[in-house]
Amino acid sequence: MGRDATYDDYDLNKAATMQETDRKCPQCGGTMDFDPALGKLHCPYCDYTEDIPEADIPSSKAEELDFETAEFTGNCDWGTAQKTVTCKSCGATTVYDALEVANECPYCGSNQVMEANDVKTLAPGGVVAFKITAKQAGERFKKWLSGKWFCPSEAKKSAEADAFKGVYLPYWTFDTDTSSTYTGEYGYHKKRKRNGQEETYTEWHNTSGSFEHFIDDELVCATTQHDPSIMASIEPYNTEDNKAYRPEYIAGFAAERYSIGLKEAFERAKRSIASKLQSMIGNKIMSEHNADTYRNVRVNTNFSNITYKYLMLPIWISSFTYKGKVYQFMVNGQTGKVGGKSPISALRVAIAVLIVIVFILLIAYLSS
């Protein structure tokens with residue numbers, strides 16, 4: 001079991017973040033950013049690079065923290081949609097979203113960390129660093145769009161992604177032991193003759209039992225600021241490939257605080273875990289009884305030894321415009337997987353429907 005994160009962790013990490021994310025190049029004085037291709041801090045002005053120090057990191061990965069002793073479990077709401085930040089480098093005043101924790105000053109390019117309006121939250125335990133560059137994200141987008149069969153050819157040829165925005169979004173992960181009891185039915189498909197015709201029916205049998213399973217890194221998105229369907233479509237992440245939090249990893253990227261707290265996040269995790277257990281137990285029933293199908297599986301699950309991590313995961317966000325309409329998409333900053341919205345050709349949909357109808361009619365004809 002790990003320790004619980006504290007307000008002291010937040011204050012220490014915030015102070016370090018404010019110092020390290022705005023690291024100045026020792027050669028030219030420019031602001032250095034984290035470069036996904038190099039895995040280092042990089043100056044875009046003179047090409048100077050610098051390794052991210054690891055000597056003072058107590059652990060190479062995010063710690064597993066004890067859920068039962070967690071002190072701060074609530075959702076976070078700053079009570080305002082925006083906040084005003086004064087850049088410490090050039091003095092310019094900029095309005096940001098209230099949940100943003102890091103971004104670049106649009107006037108001087110300085111990396112900066114925003115205050116949380118006097119509301120303290122847990123500091124991230126780890127970061128899954130960007131591995132996909134903005135250029136690679138653009139290439140993945142073109143390939144993704146070209147594979148959309150219902151997307152008009154004109155859109156595939158003309159679509160150009162707007163400027164990519166690299167952002168770290170907050171996620172919770174949960175480990176837990178699960179112990180379940182279940183009841184259900186399994187069935188065998190059989191044939192019989194009725195009114196001179198052969199028909200297939202299912203012979204059902206009752207069953208019950210127990211099932212134990214360890215859940216590793218159940219992922220729960222901790223923000224409500226983005227389209228959940230798009231975010232789900234670019235999963236999974238390899239959350240084991242995380243690094244203990246260092247502020248340098250978010251240098252040059254936007255970062256967002258969590259708005260869904262630990263307690264609510266675990267309730268969401270339990271619903272997701274319940275769905276997975278339902279499927280696993282169904283497969284177990286079929287395997288044990290060599291059955292053809294199952295139904296009416298009811299599961300009661302106890303959770304124990306629950307631990308969690310608070311991670312920042314990398315996402316490239318962009319959009320493209322086709323016939324005056326904006327289509328948003330995202331690229332997984334670790335794997336390059338793309339998800340989003342794309343135009344749909346009514347003609348192509350009609351052709352697909354017609355093909356399906358013809359196929360069904362052909363099968364019906366051959367069967368008769």
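Numbers for residues simply follow the sequence, beginning at 1. Side-chain atoms are counted along with the backbone in the values below, which use heavy atoms only and exclude waters and symmetry mates.
- Heavy-atom neighbours of K131 NZ from other residues, nucleotides or ligands within 6.0 Å: at or below the threshold of 12.
- Annotation: side chain of Q328 is in contact with side chain of I317 (closest heavy-atom distance under 4.5 Å).
- Between K284 and E288 a salt bridge is recorded (basic side-chain N to carboxylate O distance below 4.0 Å).
- Interatomic distance, F141 CZ to S146 OG, rounded to the nearest 0.5 Å: 10.0 Å.
- Residues Y182 and I285 form a side-chain contact, since some pair of their non-hydrogen atoms from C-beta on lies under 4.5 Å apart.
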Go through it in stages, so that I can follow the logic: the residues are K243 and S60, the test is side chain to side chain donor-acceptor pair (under 3.5 Å), and I'd like the CA-CA distance, side-chain angles, deciding distance and then a yes or no. CA-CA 6 Å; K243 300 177 185 295; S60 61; over 6 Å; no
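- A donor-acceptor contact closer than 3.5 angstrom is absent between the side chains of N302 and S179.
- Between H189 and D292 the shortest side-chain heavy-atom distance falls below 4.5 Å.
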Before giving the answer on side chain to side chain donor-acceptor pair (under 3.5 Å), spell out for D66 and T69 the whole-Å C-alpha distance, their side-chain angles and the decisive distance to 0.1 Å. CA-CA 6 Å; D66 182 20; T69 59; 3.0 Å; yes
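- A continuous path of ILVMFWY side-chain contacts below 4.5 Å connects M280 to M286, so both sit in one hydrophobic cluster.
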Evaluate the criterion ring-ring contact (aromatic ring centres under 6.0 Å, His included) for residue pair F174 and F303; output intermediate values, then yes/no. CA-CA 11 Å; F174 295 95; F303 299 86; over 10 Å; no
Under the ring-ring contact (aromatic ring centres under 6.0 Å, His included) criterion, do Y188 and H205 qualify, and how do the steps go? CA-CA 9 Å; Y188 301 104; H205 302 268; 5.7 Å; yes
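- With no hydrogens or angles considered, a side-chain donor-acceptor pair links K309 and T173 at under 3.5 Å.
- Of the residues listed (Y258, F67, F266), the one engaging W172 in a side-chain contact (heavy atoms from CB on, under 4.5 Å) is Y258, and it is the only one.
- The two atoms that bring S304 and T176 nearest to each other are O-OG1, 3.1 Å, heavy atoms only.
- Taking the side chain to side chain contact (heavy atoms under 4.5 Å, CB included) definition, one finds that R268 meets it with V220, I260, E264, R271, sequence neighbours left out.
- In summary, the side chains of H226 and E256 do present a donor paired with an acceptor at a separation below 3.5 Å, with no hydrogens or angles considered.
- Of the residues listed (I281, I273, T178, D177), the one engaging H213 in a side-chain contact (heavy atoms from CB on, under 4.5 Å) is T178, and it is the only one.
- Remark: K337 does not engage E235 in a salt bridge, criterion side-chain N to carboxylate O under 4.0 Å.
- Within 6.0 Å of CG in L38 there are more than 12 heavy atoms belonging to other residues, nucleotides or ligands.
- Residues H42 and D33 bring no donor and acceptor atom of their side chains to less than 3.5 Å of each other.
- A cation-pi arrangement is present between R192 and Y201, with the terminal nitrogen or guanidinium carbon under 6.0 Å from the aromatic centre and inside a 45° cone about the axis.
- Considering only heavy atoms from C-beta on, P170 comes within 4.5 Å of Y310 through its side chain.
- Within the 4.5 Å cutoff, the side chain of E240 has heavy atoms near those of the D217 side chain.
- The shortest distance between side-chain heavy atoms of I344 and K148 does not fall below 4.5 Å.
- Salt bridge K193/E198: absent, no basic N to carboxylate O contact under 4.0 Å.
- Within 6.0 Å of the CZ atom in F214, the count of heavy atoms belonging to other residues, nucleotides or ligands exceeds 12.
- One finds no salt bridge joining E139 and K142 here, because no Lys/Arg side-chain nitrogen approaches an Asp/Glu carboxylate oxygen to under 4.0 Å.
- Exactly one residue among F34, F164, F253 makes a ring pair (Phe, Tyr, Trp, His ring centres under 6.0 Å) with F130. That residue is F253.
- The pair E218-K276 meets the salt-bridge criterion, since a charged nitrogen lies less than 4.0 angstrom from a carboxylate oxygen.
- The shortest non-hydrogen separation linking E154 to K323 is OE1-CE, 4.4 Å.
- Between D51 and K40, at least one side-chain nitrogen of the basic residue sits less than 4.0 Å from a carboxylate oxygen of the acidic one, meeting the salt-bridge criterion.
- A donor-acceptor contact closer than 3.5 angstrom links the side chains of K191 and T200.
- Annotation: side chain of D175 is not in contact with side chain of I215 (no heavy-atom distance under 4.5 Å).
- Side-chain contact between F329 and I230 is absent, with no heavy-atom pair separated by less than 4.5 Å.
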